[in-house]
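Let me begin by presenting the structure, written as structure tokens, before commenting on it.
This structure is a prediction, so every number in the text was calculated from the model and none was measured. Side chains are part of it too, since the values below use all heavy atoms of this structure and drop only hydrogens, waters and symmetry mates.
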Amino acid sequence: MFENLIEILRNNPRKIVYTEGHDARILESAARLKREGFLTPVLIGNVKEVKENAQKGGFDIDGLEIIDPADYEAMDEMVEKMVELRKGKMTAEDCRASLMKGNYFGTMLVKMGKADCLLGGATYSTADTVRPALQLIKTKPGSTLVSSCFILARGDERIVMGDCAINISYEDKLDKEGNVVQTASAQLAEVAVETEKTAKKFGIDPKVAMLSFSTHGSGKGPMVDMVRNATELVKQQHPEIKIDGEMQFDAAVSPVVGQLKFPNSPVAGYANTFIFPEIQSGNIGYKIAQRLGGFDAYGPILQGLNAPINDLSRGCNADEVYNMSVITAALA
């Protein structure tokens with residue numbers, strides 16, 4: 001998978017912003033990318049601190065761009081643009097203060113076309129990476145929410161799981177008068193569509209299973225109805241997508257069980273893209289696959305934004321930073 005992505009990037013040069021340029025794991029990845037030459041890192045942080053930390057770790061970052069928000073020449077232009085984007089929700093002083101932080105500054109570099117994508121979260125929380133993206137990059141046309149998925153790889157096998165990191169649950173969205181403007185099912189359907197698109201970008205032919213504790217009507221309840229309705233919405237709006245549900249996990253992956261419980265389904269028993277009904281089961285599910293199934297997990301990969309912005313685990317190592325850098329840039 002990574003060989004294919006790297007070849008794509010060699011033919012389509014990209015620039016990636018690291019919001020925590022002083023971090024040793026970031027510096028090790030940046031040095032590796034510099035050496036391999038298919039992706040250009042931009043490091044945010046105090047120039048002296050970044051260089052000293054690189055020297056301590058023995059990481060060659062000579063020639064890489066290091067930008068310190070404290071002395072960025074185009075800061076006034078950036079502040080003006082951010083005030084415009086925030087539409088009265090933040091003053092110029094508020095924006096300038098936020099832009100002193102690497103997460104906001106890096107996101108604005110992407111917004112202003114100075115870089116193609118961003119990777120953060122080595123020291124920032126997920127919320128601190130996602131919030132600036134929502135405020136400044138915003139969702140792309142046709143998207144109403146940001147979601148996530150994980151690519152899991154074991155040998156030549158690749159599967160996708162979503163959403164395991166962003167949307168805690170799905171509830172009907174109401175206007176001020178209490179009218180439903182977007183159903184929970186419509187939100188889950190959007191996650192399924194975006195995850196299917198992500199799977200394709202990584203060379204997977206997605207067969208999407210909408211997971212539940214019920215298979216094809218065997219169980220009842222609001223959660224089952226939500227998953228079933230989301231499945232029908234995707235089928236109506238995107239008939240080209242191979243999707244079925246609701247189904248239990250064994251019905252999704254075992255041809256014998258799948259075709260017994262869900263006869264004639266094109267997905268049951270053969271699924272490789274799994275959509276969970278809420279974050280708790282999704283987070284547990286991908287970690288079981290990772291820890292007990294021997295899969296390498298890459299993500300969370302954020303979906304629905306106008307530009308690729310991705311989040312690292314604060315417990316990540318340099319190899320994970322490198323891999324997520326490749327994945328993030330490939331989405332640009």
Side-chain angles (χ1 to χ4, degrees), residues 1 5 126 130 133 139-153 157-170 182-212 223 226-249 252-253 265-268 270-290 295-311 324 327-328 330-332:
M1 181 174 75
L5 296 179
T126 296
V130 175
T139 53
K140 64 186 179 183
S143 294
T144 64
L145 52 76
V146 174
S147 62
S148 75
C149 72
F150 281 80
I151 306 289
L152 292 107
E157 185 179 2
R158 293 194 296 279
I159 60 176
V160 187
M161 293 184 172
D163 178 353
C164 307
I166 300 295
N167 294 288
I168 294 173
S169 62
Y170 305 96
Q182 187 185 37
T183 65
S185 294
Q187 295 165 50
L188 184 61
E190 186 174 322
V191 173
V193 171
E194 289 299 318
T195 304
E196 193 263 358
K197 290 178 183 175
T198 301
K200 283 184 175 177
K201 289 179 181 177
F202 293 97
I204 297 166
D205 179 18
K207 298 176 182 63
V208 185
M210 302 293 280
L211 297 177
S212 172
M223 289 287 282
M226 179 188 70
V227 176
R228 184 184 302 125
N229 292 338
T231 306
E232 290 308 311
L233 280 173
V234 177
K235 287 182 175 181
Q236 292 166 16
Q237 297 168 4
H238 300 275
E240 75 283 0
I241 292 179
K242 301 168 189 171
I243 186 170
D244 229 333
E246 84 290 358
M247 68 179 74
Q248 294 159 288
F249 192 80
V253 299
S265 168
V267 170
Y270 305 99
N272 57 18
T273 303
F274 306 94
I275 307 301
F276 293 88
E278 35 67 45
I279 196 173
Q280 182 165 254
S281 56
N283 192 269
I284 292 169
Y286 100 80
K287 288 185 176 179
I288 288 174
Q290 181 184 27
F295 282 86
D296 293 321
Y298 303 103
I301 299 166
L302 301 188
Q303 306 172 143
L305 290 166
N306 263 318
I309 307 287
N310 275 329
D311 180 48
M324 279 303 294
I327 287 170
T328 303
L331 294 168

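Side-chain atoms of Glu278 come within 3.5 Å of backbone atoms of Ser281 as a donor-acceptor pair (strictly under, hydrogens ignored). With hydrogens and angles ignored, the 3.5 Å screen pairs a side-chain donor or acceptor of Asn272 with a backbone N or O of Lys207. Judged by distance alone, with hydrogens and angles left aside, the side-chain atoms of Glu196 form no donor-acceptor pair with the main-chain N or O of Ile241 at under 3.5 Å. Checking side-chain atoms of Asn167 against main-chain N and O of Ser169 turns up no donor-acceptor pair under 3.5 Å. Not one N or O on the side chain of Ser212 forms a donor-acceptor pair closer than 3.5 Å with the backbone of Glu246.
Looking at Phe276 and Ile284, their side chains never come closer than 4.5 Å, going by heavy atoms from C-beta outward. In this structure the side chain of Val227 never reaches within 4.5 angstrom of the side chain of Leu211, judged on heavy atoms. Inter-residue side-chain proximity for Asp244 and Tyr270 is flagged as unmet; no heavy-atom pair is nearer than 4.5 Å. Counting heavy atoms from C-beta outward, Val193 and Val234 have side chains that approach closer than 4.5 Å. The shortest distance between side-chain heavy atoms of Gln290 and Met161 does not fall below 4.5 Å. Residues Lys140 and Glu194 form a side-chain contact, since some pair of their non-hydrogen atoms from C-beta on lies under 4.5 Å apart. Looking only at side-chain heavy atoms (C-beta outward), Leu152 and Glu157 stay at 4.5 Å or farther from each other.
Residues passing the salt bridge (Lys or Arg N to Asp or Glu O under 4.0 Å) test with Glu240: none are found, sequence neighbours excluded.
Nearest heavy-atom pair, Asn310 versus Thr328, reported as atom, atom and distance to 0.1 Å: ND2-OG1, 2.9 Å. Nearest heavy atom pair, residue Ala189 against residue Ala230, reads CB-O, 3.6 Å. Considering all non-hydrogen atoms of both residues, Ser265 and Ala268 come closest at OG-N, 3.1 Å. Among all heavy-atom pairs drawn from Met223 and Pro277, the shortest one is CE-CB, 3.8 Å. The shortest non-hydrogen separation linking Ala199 to Val160 is CB-CG2, 3.7 Å. Closest heavy-atom contact between Tyr170 and Met226: CB-SD, 3.9 Å.
Relative orientation of the Phe150 and Tyr286 rings is parallel, given thresholds of 30° and 60° on the angle between their planes.
Annotation: the span from Ile279 atom CD1 to Ser148 atom OG amounts to 7.0 Å, rounded to 0.5 Å. Here the CE-CD1 distance, from Met324 to Ile151, works out to 9.5 Å after rounding to the nearest 0.5 Å. To the nearest 0.5 Å, atoms CD (Gln187) and CG (Asp163) are separated by 11.5 Å. The line from OG1 of Thr231 to CE of Met247 is 7.5 Å long, rounded to the nearest 0.5 Å.
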### Message
Determine whether Val146 and Thr139 satisfy the following criterion, side chain to side chain contact (heavy atoms under 4.5 Å, CB included), listing intermediate values before the conclusion.
### Response
CA-CA 7 Å; Val146 174; Thr139 53; 4.0 Å; yes
### Message
Determine whether Glu190 and Gln182 satisfy the following criterion, side chain to side chain contact (heavy atoms under 4.5 Å, CB included), listing intermediate values before the conclusion.
### Response
CA-CA 11 Å; Glu190 186 174 322; Gln182 187 185 37; 3.9 Å; yes
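Residue Met210 forms a side-chain contact (heavy atoms from CB on, under 4.5 Å) with just one option from Asn229, Val191, Ile243, and that option is Ile243. A side-chain contact (heavy atoms from CB on, under 4.5 Å) with Thr273 holds for exactly one of Ile159, Asp205, Val208; it is Val208.
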Mind listing the side-chain donor-acceptor pairs of residues 296-303 below 3.5 Å, one per line with the distance, residues two or more places apart or on another chain?
{"residue": "Gln303", "atom": "OE1", "partner": "Thr198", "partner atom": "OG1", "Å": "2.7"}
{"residue": "Gln303", "atom": "NE2", "partner": "Ser147", "partner atom": "OG", "Å": "2.9"}
{"residue": "Gln303", "atom": "NE2", "partner": "Thr195", "partner atom": "OG1", "Å": "3.2"}

